[in-house]
Protein chains: 2
Amino acid sequence: MEYKNSRLSAILKIQYPLIQAPMSWITNADFVAAVSEAGGLGVLGPHAGYHTPPKDPQEILDRVRLEIRKVKSLTDKPFGLNLLLLKDDPLDDFTKAWLNIAFEEGVTHFVSVGNADNRVFNLIKEHDGIIIHRPLTASITNMREAESLGADVLVATGYDEGGMIPTRAIGTFTVVPTMVDAVDIPVMATGGINDRRGVKAAFALGAEGVYIGTRFIVTKENPASEITKKKIVESGCDDIEFVSPKQRSIRTQAADILGSLYLNKENTLDLDTEISRLGGVRPAMLEGKLDEGIISVNTGIDVIRSIPTVKELVIDLLGLNEE
Amino acid sequence: MEYKNSRLSAILKIQYPLIQAPMSWITNADFVAAVSEAGGLGVLGPHAGYHTPPKDPQEILDRVRLEIRKVKSLTDKPFGLNLLLLKDDPLDDFTKAWLNIAFEEGVTHFVSVGNADNRVFNLIKEHDGIIIHRPLTASITNMREAESLGADVLVATGYDEGGMIPTRAIGTFTVVPTMVDAVDIPVMATGGINDRRGVKAAFALGAEGVYIGTRFIVTKENPASEITKKKIVESGCDDIEFVSPKQRSIRTQAADILGSLYLNKENTLDLDTEISRLGGVRPAMLEGKLDEGIISVNTGIDVIRSIPTVKELVIDLLGLNEE
């Protein structure tokens with residue numbers, strides 16, 4: 001099996017080179033612990049475990065500390081914390097406080113998304129942290145920069161993905177080998193990995209690991225609404241539409257309105273901001289209010305046809321039942 | 001090796017399940033014969049073998065007959081003829097004449113691109129022809145329709161491809177397994193297959209064969225200008241830009257102008273028509289006039305770093321040297 005004794009498993013200190021993508025509201029302690037217990041790396045998203053918008057930044061910090069503690073009560077295995085590096089000052093007071101909580105609680109794995117930052121990376125390294133870095137849009141330049149700044153592992157994101165789509169339309173199939181050749185540290189593939197075929201293909205393309213979002217939403221332990229999970233299982237690529245330059249959704253009433261605005265050249269709304277204002281993925285995906293929000297998924301959901309447990313899914317994705 | 005004794009090789013009556021994408025002006029008899037001699041299926045494009053625009057449709061027909069005869073003088077192996085099914089009446093007088101020449105000259109393999117058509121398919125079947133069909137944009141609906149109308153093999157095109165990009169942004173990584181699951185006949189993958197890793201990944205995703213364009217341009221026998229081949233070898237994904245909603249190009253003077261128009265919301269030109277008016281891929285790709293036209297390539301050209309012979313490339317792509 002291609003994932004055995006891999007250098008990525010050694011770096012990440014986990015059984016299998018498989019990371020569950022942090023998905024903002026669509027993670028919680030039970031789910032993350034289940035992924036780590038299954039041999040992958042579970043990762044808490046920024047709003048993990050909660051259903052209501054926070055009153056203020058302090059509430060976000062209080063929540064994440066409690067959620068980290070809950071994961072620790074459920075598993076002794078490593079798990080990760082998402083770190084958004086999208087601001088002008090990536091090491092502002094909020095991020096310092098966020099990292100401090102992580103260090104105090106003994107979190108070792110950091111999944112940073114956005115722009116690699118010298119000061120943030122150094123701070124994590126001073127605390128013996130492991131950095132898995134994912135630029136929103138992978139380029140040879142920003143992958144090499146993240147490597148030079150001390151990232152341990154990089155994630156190459158293809159245009160097939162769910163979430164915030166890369167600004168350059170390079171699919172998973174071509175971005176992975178390009179980025180693998182560009183750097184020396186391990187590169188993980190993400191963007192449309194939904195079954196065993198996708199995992200095998202990612203490794204064939206030179207990836208040393210897989211980073212999976214959408215497929216993990218459709219598991220028993222994921223906090224997404226049952227209505228949403230069922231909707232994904234019943235939908236296919238014919239049901240997906242662009243709702244902004246950077247986001248796709250399964251057709252919902254809200255998605256159709258946004259989709260029309262996206263196609264209308266005269267529209268002047270910033271649609272990504274509008275989606276945030278509506279609550280992002282929270283109303284439809286977490287609460288099951290399908291007509292009030294978007295259901296962000298990758299373009300390969302036709303092959304998602306069941307709602308297994310996390311453990312069953314990991315076994316299936318890695319072909320552990322094939323041996 | 002995954003390609004041995006495959007049902008696709010049996011259907012196509014060729015050694016390896018590998019088709020060279022017809023590329024309009026960028027094919028000729030020598031090149032097509034070299035691909036077929038190497039064990040794949042070479043395919044003549046509509047303007048194969050010529051450097052000047054035709055005076056009239058009759059000249060296109062005269063030219064293709066001569067080019068077919070030239071391929072037959074160079075190889076006894078099967079080769080294919082491209083068939084464009086993009087018109088309102090797919091079986092108009094020109095297409096009837098085109099097919100008639102093919103039948104008279106004993107062509108057996110037809111690579112149809114566009115909308116599957118009952119009358120065209122029936123005519124080919126009456127002449128014991130083999131139909132490899134590629135919708136410009138693969139959907140479950142049009143793949144199943146082509147299957148029901150008698151296609152022998154289907155090609156699933158990913159958004160990573162060179163040429164006319166699918167109108168739906170579904171990458172090769174996700175479109176292939178979706179279409180494999182949608183039909184019973186063999187599906188080939190296309191869109192960004194540039195090296196052995198891409199071939200392996202295509203098979204991992206469930207494809208039974210590979211359909212390769214861009215990588216074949218950069219071979220000794222391909223009629224593209226040496227200047228163009230060198231340009232592709234020296235370029236990477238950072239040098240590619242959209243020049244219309246449906247086409248990408250490596251940066252050239254012409255591509256930059258088109259690219260600006262594409263990004264300008266107020267532009268009212270039909271950019272794809274404008275690219276045709278400029279001569280499509282002929283000025284830059286065939287004639288090496290890099291500043292006069294576009295260089296259409298897939299998004300994975302970073303891994304193209306050499307100009308081998310067709311035979312060397314086929315051996316490399318299929319890993320025949322690994323045994």
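For clarity, every value in this text was computed on a predicted model and none was experimentally measured. So that the names make sense, note that chain A is the first sequence line, chain B the second, and so on, each numbered from 1.
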*asked:* Quick check for you: to the nearest 0.5 Å, what is the distance between Thr178(B) atom OG1 and Ile301(A) atom CD1?
replied: 9.0 Å
*Taking Arg168(B) for its side chain and Ile240(A) for its backbone only, find out whether a donor-acceptor pair lies under 3.5 Å.*
no
_Heavy-atom pairs under 4.5 Å with chain B - which of Ala182(A), Ala202(A), Gly236(A), Ala201(A) has more of them than the others?_
Ala201(A)
*Distance-minimising heavy-atom pair for Tyr159(A) and Tyr159(B)*: CE2-CE2, 3.7 Å
*What part of Ile165(B) gets closer than 4.5 Å to chain A, counting heavy atoms only: side chain, backbone, both or neither?*
neither
*Which one, Gly192(A), Pro177(A), Gly158(A), leads in non-hydrogen pairs under 4.5 Å with chain B?*
Pro177(A)
_Closest approach of Thr141(A) to Asp238(B) (non-hydrogen atoms, all atoms of both residues)_ = OG1-OD2, 4.2 Å
_Regarding Arg305(B) and Asp181(A), does a basic nitrogen lie under 4.0 Å from an acidic carboxylate oxygen?_
no
*Sort out for me which of Ser139(B), Ala169(B), Gly206(B) touches chain A most, counting heavy-atom pairs under 4.5 Å.*
Ala169(B)
*What residue among Asp302(A), Asn194(A), Thr299(A), Asn298(A) forms side chain to side chain donor-acceptor pair (under 3.5 Å) with Thr174(B)?*
Thr299(A)
*Grab the two heavy atoms, one from Gly198(B) and one from Leu205(A), that are nearest each other, plus how far apart they are.*
CA-CD2, 4.1 Å
*Where the side chain of Arg197(A) meets the backbone of Val176(B), is there a donor-acceptor pair that is under 3.5 Å apart?*
no
